[in-house]
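Just the heavy atoms: all of them, side chains too, but no hydrogens, waters or symmetry mates, feed the values below. All figures in this text were calculated on a predicted structure; none of them were measured in a lab. Below, chain A is the first sequence line, B the second, and so on; all start at residue 1.
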There are 2 protein chains.
Amino acid sequence: MSVRSTATIADVARQAGVSRAAVSKVIRNAYGVSDDMRRRVEAAITELGYRPSIAARAMRGSSYTLGIELPTLANNFFDTFVRGATSALAASPYQLIIAPAGPDHDNGPRAIQALADRNVDGILAVSPAVAPEWLEALGSSVPLVMIGRHDASDHYDTVVDDDLLGARLATEHLLGLGHRRIAHVTLTPEAESGLPQAPHALRTAGYRAAMERAGLAAQIVHVAPTEEATYRATLALLGADPSPTAIFAGHDELAMGALRAVAESGLTAAQCSVVGYDDTDIAAHPLISLTSVDQSAAEMGRVAVGLLLERIAGRGTPVHHVFSPSLVARASSAQCAGRH
Amino acid sequence: MSVRSTATIADVARQAGVSRAAVSKVIRNAYGVSDDMRRRVEAAITELGYRPSIAARAMRGSSYTLGIELPTLANNFFDTFVRGATSALAASPYQLIIAPAGPDHDNGPRAIQALADRNVDGILAVSPAVAPEWLEALGSSVPLVMIGRHDASDHYDTVVDDDLLGARLATEHLLGLGHRRIAHVTLTPEAESGLPQAPHALRTAGYRAAMERAGLAAQIVHVAPTEEATYRATLALLGADPSPTAIFAGHDELAMGALRAVAESGLTAAQCSVVGYDDTDIAAHPLISLTSVDQSAAEMGRVAVGLLLERIAGRGTPVHHVFSPSLVARASSAQCAGRH
DNA sequence: CTGAAAGCGCTTACAG
DNA sequence: CTGAAAGCGCTTACAG
């Protein structure tokens, strides 16, 4: 395998005794090349260890690169998503690159912009807090698929799970187990720029609606997006009177904090159940066994890449793909036994 | 914030009433520009929302991009590593992009090559199974820093933790707790292409040496690199007679499987302790509380980026940076109580 | 089917 | 300090 070839298209052309245009056609699999010419060019390419310069190609046509912006790598959901995306790209000429947004709030757009600056052929992004107008402008100049947004966009596609339904599934699961005092621990609205269509805002709405349908009072607690913050908030909840017999956490990492508080308080799942969201790998681990809402991350990755390839192929009309989440029940939720 | 500007350097030059060379100097912060000219150019850039084309810049000079190849995103170690790397880049003009290698064995070199093809200014890579010769060739044409390799390389730098020491710390920790029958569960050698200098091979050697010094017999079990495989292997170990009172796992994910088998067998840490390697976030979680060897991932990321920037700045002599790991003792390891 | 020529958007010497 | 010109390695019409 060659490493970084010093050979250019001109070298290959000379070696094969053809024009540079001919070499270009061969490497792009364009038509209008005789078998004989193709053979000679391919031989020259092998002999010289020629590799096309992506930078040069990007200036004229395609960069053969798809970029995906992620807010963090720490979330297992994204790993699964990326694997799904990669698998959908296996037979294509595209290479996937990831631009991590980093911790700062404004780094989402910055990382997305960095991808656009690099002439990627298409962008996949997870950025709940970016303004739709900015995305519309971006989508007008480069194929764009946003993950986890419920926007009714014109110039980009969206792939999202039905957060309203997911939250309903979680809440009704707990209601079905006999729980009546169910608290919802979620992110502060600012974490999503206060957008009412953002995933966690919708999950909260779904929870609230399910509680209302059951004739019960909703109890919503806002926390910083960490295990630790949820741990402390849950301890406070469990120390109150009356205290909840079940906690629906906005995502699995929060649920881990709730789980810890429950365990430390010496309570069983029957006394205080916990349900998360995302069904990350850790939720499935037998030592954790967290009931959670599954978004089928891998399938989302495949679908998102599919939409992006369609856009690259010329589709201009927006597609909004909504996945139906499902609940995976595990040991962290159990029939309500009441307290004391 | 602009999105994808259609303006080129020529547009800016026209708008500002200067030459394209002048604009180029301003955006590169090169000297030889009057204050007045700089002001006019900057005004034009803002007005037109101009953003330099990275592809065009890459053809002539720098792509302002650093690439990092990772075998997977699932490992928490890498997330921490990337955050460390990003923090070291904050003040620089470089953007970090990640090329995930994917599950297939040969995808490491493929992803690294994809970065080289894209004219990145430097490469960071985690690829234990690539041949040193290939890396030497690559390092001769692009600044390269390899993570987790003990190679005595000429044309690339290495950043690695002292796996021999880490394994010794883990083993001696268990010995100090009174354990005598300590099994080591690790990856099959093929997972590292059988390289004796590979991380897990060295950890095994470190374990073996510590056991020998204590006058004890080593017991080494090879598994596939999954929680599940380690779970089953540990169950088998615990069912044997005599069975180990402690297990040192090659990394934390394996340790999670061992932990599960121990818990399911109804054994306490005093009856069968477990120690992992990497000190991932999950190890620290109170519901898991896994004793583990810490490699200071974030610091490794910072150091690796530092070395890469030095290479980009012109250093040609190789640097091999070795980190000293430390043991983080938690509840999964305890004073040996024997069995039955 | 094949190739000469123009041009993508920058940076780099080189004059002035 | 400033700018005209060449050139980086490709692809794209356009002739032949």
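Heavy-atom distances to DNA chain C give each of B/Ser24 and A/Ala22 a nearest nucleotide, and the one nearer the 5′ end belongs to A/Ala22. Where B/Met37 and B/Arg60 meet DNA chain D, the nucleotide closest to each residue was compared, and B/Met37 sits on the side nearer the 5' end.
When each of D/dG3, C/dC8, C/dC10 is scored by its nearest atom to the side-chain atoms of B/Thr8, the top-ranked nucleotide is C/dC10. When each of C/dT12, D/dC10, C/dG3 is scored by its nearest atom to the side-chain atoms of B/Arg28, the top-ranked nucleotide is C/dT12. Distances were taken from every side-chain heavy atom of B/Ser19 (C-beta onward) to each of D/dC10, C/dT11, D/dG3; the shortest belongs to D/dG3. Which of D/dT11, C/dG3, D/dG3 sits closest to the side chain of A/Ala21 comes down to C/dG3. Of the listed nucleotides (D/dC10, C/dG3, C/dG9), C/dG9 has the atom at the smallest distance from the side chain of B/Ala56.
Residue A/Leu48 contributes atom CG, which lies 14 Å from atom P of D/dG9 at whole-angstrom precision. For B/Arg57 and D/dC10, the CZ to P distance is 21 Å, given to the nearest whole Å. The distance from atom CD1 of B/Ile9 to atom C1' of C/dT11 is 8 Å, rounded to the nearest whole Å. In this structure, B/Asp35 places its CG atom 11 Å from C1' of D/dC1, rounding to the nearest Å. Following rounding to the nearest Å, A/Asp36 (CG) and C/dG3 (P) show an atom-to-atom distance of 11 Å. Here D/dG3 presents its C1' atom at 15 Å from CZ of B/Arg14, a figure rounded to the nearest Å. The CG-C1' distance, from A/Asn119 to C/dG9, rounds to 10 Å in whole Å. Here D/dG7 presents its P atom at 13 Å from CE of B/Met59, a figure rounded to the nearest Å.
A donor-acceptor pair under 3.5 Å links the side-chain atoms of A/Arg149 to the main chain of A/Val130, judged by distance alone. Side chain of A/Glu69 to backbone of A/Val126: a donor-acceptor contact under 3.5 angstrom is found. A donor-acceptor pair under 3.5 Å links the side-chain atoms of B/Arg118 to the main chain of B/Ala114, judged by distance alone.
If you check the side chains of B/Ser24 and B/Arg28, you find a donor sitting under 3.5 Å from an acceptor. Inspection of the A/Tyr156 and A/Asp151 side chains reveals an N or O donor paired with an N or O acceptor under 3.5 Å. Defined by atom type and a distance below 3.5 Å, a donor-acceptor pair is missing between the side-chain atoms of B/Thr158 and B/His150. Side chains of B/Gln113 and A/Arg51: a donor on one and an acceptor on the other come within 3.5 Å. Looking at B/Ser62 and B/Asp121, their side chains do bring a donor and an acceptor atom within 3.5 Å of each other.
Contact check, A/Ser53 against D/dC8: no side-chain N or O comes under 4.0 Å of OP1 or OP2. Between B/Tyr50 and C/dC10 there is a side-chain N or O to OP1 or OP2 distance below 4.0 Å. For A/Arg20 and D/dG9, the shortest distance from a side-chain N or O to OP1 or OP2 is not below 4.0 Å.
Within the nucleic acid shown, B/Ile54 has no heavy atom closer than 4.0 Å to any nucleic acid atom. Across all strands shown, B/Val23 has no heavy atoms under 4.0 Å from either base or sugar-phosphate atoms.
Counting only Watson-Crick and G-U wobble pairs whose two distances sit under 3.5 Å, DNA chain C takes part in these stems of three or more pairs: C:1-3 with D:14-16, C:5-12 with D:5-12, C:14-16 with D:1-3.
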